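All of these numbers come straight from a predicted model, not from anything done at the bench.
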Amino acid sequence: MNLHDWIDELCDTLDLDLEVDEALVLDLARDVAHNVERRAAPVSTFMLGYAAGAAAAGPEHVESLAARAQALALAWDRPADAPDPDDVEVPVPDDSEVDHTGDRID
């Protein structure tokens, strides 16, 4: 199943009759996750949808709302000590005492 199929099925499940601009929503989520905080991405896309629904917005108005939200995310000033959301802190095990003689790399 791909994203478009999921959206179609979810629309059916939620009894929604709409077209979703996946790229628009994903772009907003990406910008919020990278510039604000990862957890803010789904909340922000929900809020975009809520604002669009409350305004009975057509596609152009949704694009305008998304652009405003993206501009806010891109201008967001994270604290200087905030971790980079692209950094992954995974400890590297110390195997310096392990004998790798005969190990194969396939």
Side-chain angles (χ1 to χ4, degrees):
M1 181 176 278
N2 63 34
L3 179 59
H4 191 72
D5 292 338
W6 165 252
I7 291 169
D8 287 344
E9 290 293 323
L10 186 57
C11 283
D12 289 346
T13 299
L14 299 177
D15 198 25
L16 295 172
D17 182 24
L18 73 136
E19 288 296 317
V20 177
D21 185 344
E22 299 110 65
L24 181 83
V25 175
L26 292 172
D27 287 348
L28 174 59
R30 178 200 61 228
D31 291 341
V32 170
H34 287 159
N35 293 293
V36 181
E37 180 181 339
R38 286 192 199 286
R39 297 179 307 161
V43 175
S44 300
T45 56
F46 167 80
M47 292 174 69
L48 171 64
Y50 190 88
E60 289 177 4
H61 191 185
V62 173
E63 288 178 15
S64 173
L65 292 169
R68 289 169 39 199
Q70 278 184 285
L72 177 63
L74 293 172
W76 195 255
D77 188 24
R78 289 185 294 159
D81 62 345
D84 184 338
D86 292 328
D87 284 346
V88 178
E89 299 271 341
V90 178
V92 176
D94 178 14
D95 70 345
S96 60
E97 306 225 358
V98 175
D99 181 10
H100 291 284
T101 304
D103 286 358
R104 289 183 32 188
I105 300 175
D106 293 325

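Under a hydrophobic-cluster definition in which Ile, Leu, Val, Met, Phe, Trp and Tyr are linked whenever side-chain heavy atoms come within less than 4.5 Å, directly or via other members, L72 and L28 are assigned to the same cluster. No continuous path of ILVMFWY side-chain contacts below 4.5 Å connects V25 to V43, so the two sit in separate hydrophobic clusters.
Between Q70 atom CD and L65 atom CG the span is 11.5 Å, to the nearest 0.5 Å. Of the inter-residue distances, the one linking E9 atom CD with H4 atom NE2 reads 11.0 Å to the nearest 0.5 angstrom.
Partner I7 forms a side-chain contact (heavy atoms from CB on, under 4.5 Å) with one of N2, V20, L18 and no other, that one being V20. Looking at L3, T45, D31 one by one, the single match for side-chain contact (heavy atoms from CB on, under 4.5 Å) with L26 turns out to be L3.
Here the closest non-hydrogen pair linking W76 and N35 is CD1-O, 3.5 Å. Counting all heavy atoms, side chain and backbone alike, A41 lies closest to A29 at CB-O, 3.5 Å. In this structure, V32 and S44 approach most closely via the heavy-atom pair CG1-OG, 3.5 Å.
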Practice problem: Evaluate the criterion side chain to side chain contact (heavy atoms under 4.5 Å, CB included) for residue pair V62 and L24; output intermediate values, then yes/no. | Solution: CA-CA 9 Å; V62 173; L24 181 83; 3.7 Å; yes
